[in-house]
Amino acid sequence: MEVDVVIWDPDQPGAEEEFDEVLALHKANRSRLGAMPDTAFRDRAKHHGLLLGVVDGVIVGYVLYDVPRRNLIKLVHVCVGESARGTGVAREMVDTAVRLHPRRSILTASCRTDYGIDEFWRSLGMHVASERAGRALNGSTLMNWVKRINVAEGLDLLEAASLASNLPLAILDTNIVNDLFLPLEIKRDHREETAQLQADWLQPLVTFAISGEVDNEITQNQDHTVRHQVRAASQHLTRLSTLRPSDRRLEESLLAATDTQLLANDSSLRKDVLHVADAIHAGADFFVTNDSNVHRASTGWNLDEHQIQVVRPHQLIAALSPESFITDFRSTLIDDGDLEWHGVSDVEPEFEPAFRVYEFETKPNEFNQRLRVLLAKRQTITIQKLEDAQGSLWALAAVEVDGPTLRLPLIRAIRGERGSTVAFQLLRHFRRAAWERGATHLEITDPAISPTLEVALASDGFSQTNPRAVALGPATQTAKALGLGSAAEIAIEERHRWPLVVQNSGMPTYVIPIRPKWATNLLGLNDGLISLRRRGLGLSRELVYFSGSRIVPKELPARILWYATSNERHAVQRIVARSLLVDSVRLPAEEALTRFGKVGVLRRSEIQAAADRAGKVNVIRFQDTEVLQRPISRHDEMFKRYVKGRVQSMRQVDAQMFDEVLAFQLSTGADE
């Protein structure tokens with residue numbers, strides 16, 4: 001089969017016979033061409049705007065076109081007889097029209113959608129730029145198709161001007177454009193994450209553009225009003241030129257490298273590849289999509305060779321974020337030498353099984369999508385994971401400081417025994433973080449609160465309504481000013497309004513000696529010794545200490561001032577921490593081990609050694625420990641005023657001592 005294209009010349013012999021054949025083709029196919037008077041047809045043809053498609057010496061088709069402006073080729077008719085369709089003659093005729101006008105940069109065509117030949121225009125690499133109502137009685141729609149041409153000659157000045165900056169070039173997939181510009185009443189799973197691409201701070205850092213294929217996919221929406229809105233709202237985005245149909249080698253190689261099962265399950269991947277190919281030809285740095293199948297397929301595409309990355313919106317934002325947007329929220333330790341916070345910049349596979357709250361997030365993607373949304377807000381939100389030295393996960397949290405409020409849009413603890421251990425201390429940790437940053441409120445907006453965290457929130461005094469909030473402080477206030485009478489009321493108020501410490505409470509106060517090693521392990525005292533602290537102890541709001549003291553306080557709760565003594569290596573001899581004493585009971589050593597061994601630091605032999613002659617040991621239960629920033633030495637006048645002689649066992653002191661110790665912590669001019 002021989003395919004040829006002939007320029008019709010009215011002055012050549014046989015021109016009239018050729019024209020009559022063209023008119024016959026026109027009349028036979030005018031149901032998909034539209035009406036045109038013979039005189040108007042002949043007038044266009046005389047101005048060298050008629051090409052004849054010839055197969056094996058027979059005229060089987062024609063192209064009628066105009067060149068109305070210096071940069072434009074307008075296809076008026078592209079017609080091929082039914083018997084010659086599929087021979088490639090139509091493409092040859094259009095390519096010839098483009099070659100005949102090497103200084104033209106845009107090819108256009110208008111065609112009604114009810115003609116059913118949209119795929120033909122797409123096969124030419126054209127895309128829909130606009131639409132208008134047709135004149136047919138059945139209410140047809142006229143699509144205006146366009147394509148940039150003669151790109152190799154450098155004539156695509158509009159695109160070149162738009163993409164000439166040194167900024168990274170990010171090409172947006174159709175799902176991203178829809179997230180950004182579809183009416184808000186249309187539910188979109190990824191809309192909140194994608195919306196962060198419109199942040200003012202991001203615009204000077206990147207150039208956004210789209211493939212013309214986006215316009216073709218917008219056209220598939222059956223709602224005219226919605227199509228118009230999305231197309232109009234996205235007009236500021238540069239449309240990339242394409243090498244289709246003359247060069248399809250790249251998209252064919254991408255398809256060949258795509259998992260065949262993926263292609264079988266998702267036929268739209270073939271069209272997605274067109275976007276990616278146009279992005280690569282444009283020299284783009286990023287292709288931005290929320291299509292999970294595109295991300296899966298891209299793993300086989302060897303994109304490093306093309307220096308392009310397929311990313312989600314939050315990943316693009318992370319790649320472009322200035323370092324200054326990484327907040328200073330990076331508490332190194334969370335009350336435990338074995339646990340450390342690490343920054344999170346992407347969704348990690350281990351997160352979903354560890355932190356998804358199944359009661360609220362019934363599908364894995366619900367958790368992952370929420371995390372992506374938060375990652376996309378990188379300029380205001382910091383996300384961190386809490387890990388131990390072995391890399392095991394303990395917690396995950398997103399933190400945002402908003403004026404006087406520290407907000408947690410995500411707070412998760414690992415499930416199981418570790419989760420119940422960590423939940424209470426997480427709240428205390430973030431109270432402290434808020435206070436250190438001058439915030440007066442802590443607010444939790446995570447919509448998926450686990451049962452474990454729910455218990456911790458209730459215990460910690462958070463509101464029952466959303467957002468779950470609590471007010472902090474003040475640092476100190478008198479019991480009288482707060483209207484508090486009993487020690488129990490004071491203890492609850494201090495827990496619910498941490499870091500509040502109530503002055504003049506009159507609560508019983510005890511000084512309890514503790515060896516430096518146990519102070520390090522149990523209280524978190526950093527005295528330069530090697531910590532043997534058991535993992536997780538620092539995350540427990542309630543701990544126990546085993547003592548040989550015979551004193552069993554009856555009035556509870558009470559204050560504890562921990563006095564670190566000395567040993568063969570180190571002499572501390574200072575009050576180093578304070579706690580709330582909630583219970584004290586004398587038990588046989590073996591019973592104490594059975595009931596409380598898991599929440600203490602002493603070994604069996606040491607607990608037994610602390611027992612009296614009857615084999616009993618004093619189990620001291622305490623909670624909400626705070627290490628003093630300014631320890632009180634036994635040589636200080638304050639200490640001597642309330643404690644006489646050596647501190648060898650637990651003793652009660654005047655409640656005023658606690659108030660003075662507290663005042664010393666809050667003062668700014670006193671020397672240690």
Side-chain angles (χ1 to χ4, degrees), residues 331 333-335 401 404-406 425 427-442 460-461 470-487 489-512 514 519 523-527 538 541 557-564 572-581 622-643 647 652-672:
S331 180
L333 303 177
I334 178 171
D335 299 334
V401 179
T405 301
L406 187 143
Q425 189 62 20
L427 298 180
R428 174 59 57 88
H429 171 74
F430 287 115
R431 280 178 180 263
R432 181 176 288 111
W435 188 258
E436 289 174 353
R437 283 155 182 77
T440 57
H441 290 79
L442 180 62
D460 223 50
V470 70
L472 306 179
T476 185
Q477 185 60 273
T478 65
K480 182 177 180 181
L482 294 169
L484 302 174
S486 70
E489 290 176 332
I490 291 169
I492 292 173
E493 190 75 0
E494 288 184 343
R495 166 167 282 200
H496 289 183
R497 296 180 63 181
W498 186 98
L500 170 68
V501 184
V502 178
Q503 290 178 302
N504 301 329
S505 66
M507 291 175 66
T509 301
Y510 295 86
V511 173
I512 300 180
I514 185 171
L523 309 178
L525 173 64
N526 181 11
D527 63 352
R541 290 281 286 271
R559 306 284 197 194
I560 295 176
L561 294 172
W562 293 98
Y563 175 73
V572 180
Q573 298 180 328
R574 294 184 176 206
I575 295 175
V576 296
R578 61 179 174 86
S579 300
L580 187 70
L581 175 61
F622 62 96
Q623 59 187 215
D624 296 342
T625 298
E626 296 287 339
V627 175
L628 300 184
Q629 298 302 308
R630 311 179 77 180
I632 310 297
S633 169
R634 65 182 293 270
H635 302 294
D636 291 343
E637 288 301 319
M638 182 194 311
F639 188 96
K640 295 177 180 178
R641 191 159 49 247
Y642 294 100
V643 183
V647 182
Q652 186 171 3
V653 296
D654 193 309
Q656 184 63 32
M657 182 179 183
F658 182 87
D659 292 329
E660 288 198 33
V661 170
L662 176 63
F664 183 64
Q665 305 306 304
L666 298 175
S667 66
T668 57
D671 295 325
E672 291 189 16

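- Atoms CG and CD1, from Leu484 and Ile492 in turn, are 10.0 Å apart once rounded to the nearest 0.5 Å.
- When side chains are defined from C-beta on, Val661 does not count as touching Tyr642, because their heavy atoms never get closer than 4.5 Å.
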N/O donor-acceptor pairs under 3.5 Å from side chains in residues 498-508, not counting sequence neighbours:
from	atom 1	to	atom 2	distance (Å)
Trp498	NE1	Glu626	OE2	2.8
Gln503	OE1	Thr476	OG1	3.3
Ser505	OG	Met507	N	3.2

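- Residue Ile560 holds its CD1 atom at 12.5 Å from CD1 of Ile575, rounded to the nearest 0.5 Å.
- Between the CZ atom of Phe664 and the CG atom of Asp636 there is a distance of 6.5 Å, given to the nearest 0.5 Å.
- For the residue pair Gly473 and Trp435, the shortest heavy atom distance occurs at CA-CZ3, 4.0 Å.
- Between Ile514 atom CD1 and Trp562 atom CH2 the span is 5.0 Å, to the nearest 0.5 Å.
- Comment: Arg578 does not engage Glu494 in a salt bridge, judged by the lack of any side-chain N to carboxylate O separation of less than 4.0 angstrom.
- Take Tyr510 and apply the ring pair (Phe, Tyr, Trp, His ring centres under 6.0 Å) test, not counting sequence neighbours, and it matches no residue.
- Residues that satisfy the ring pair (Phe, Tyr, Trp, His ring centres under 6.0 Å) test with Phe658, not counting sequence neighbours, are absent from this structure.
- In this view, Arg634 satisfies the side-chain hydrogen bond (donor to acceptor under 3.5 Å, both in side chains) rule with no residue, not counting sequence neighbours.
- Ile632 is not listed as a side-chain neighbour of Met657, based on a closest heavy-atom distance of 4.5 Å or more.
- Atom CD of Gln425 and atom CZ of Arg432 lie 7.0 Å apart (nearest 0.5 Å).
- Nearest approach of Val470 to Arg431, heavy atoms of both residues: CG2-NH2, 3.3 Å.
- Residue Leu406 comes nearest to Ala439 through the heavy atom pair N-CB, 3.9 Å, listed as atom of the first residue, atom of the second, then distance.
- Applying the side-chain contact (heavy atoms from CB on, under 4.5 Å) rule to Ala481 yields the partners Gln477, Thr478; only residues at least two apart in sequence or on another chain are considered.
- No side-chain heavy atom of Val576 sits under 4.5 Å from any side-chain heavy atom of Leu628.
- For Gln573, the side-chain hydrogen bond (donor to acceptor under 3.5 Å, both in side chains) test picks out no residue, with sequence neighbours left out.
- Rounded to the nearest 0.5 angstrom, Leu472 CG and Thr405 OG1 are separated by 9.0 Å.
- A salt bridge between Arg428 and Asp624 is present, with a side-chain N of the basic residue lying under 4.0 Å from a carboxylate O of the acidic one.
- Among all heavy-atom pairs drawn from Val627 and Ala577, the shortest one is CA-CB, 4.0 Å.
- When each of Arg495, His496, Arg497 is tested with Glu493 by the rule side chain to side chain donor-acceptor pair (under 3.5 Å), just one qualifies, namely Arg497.
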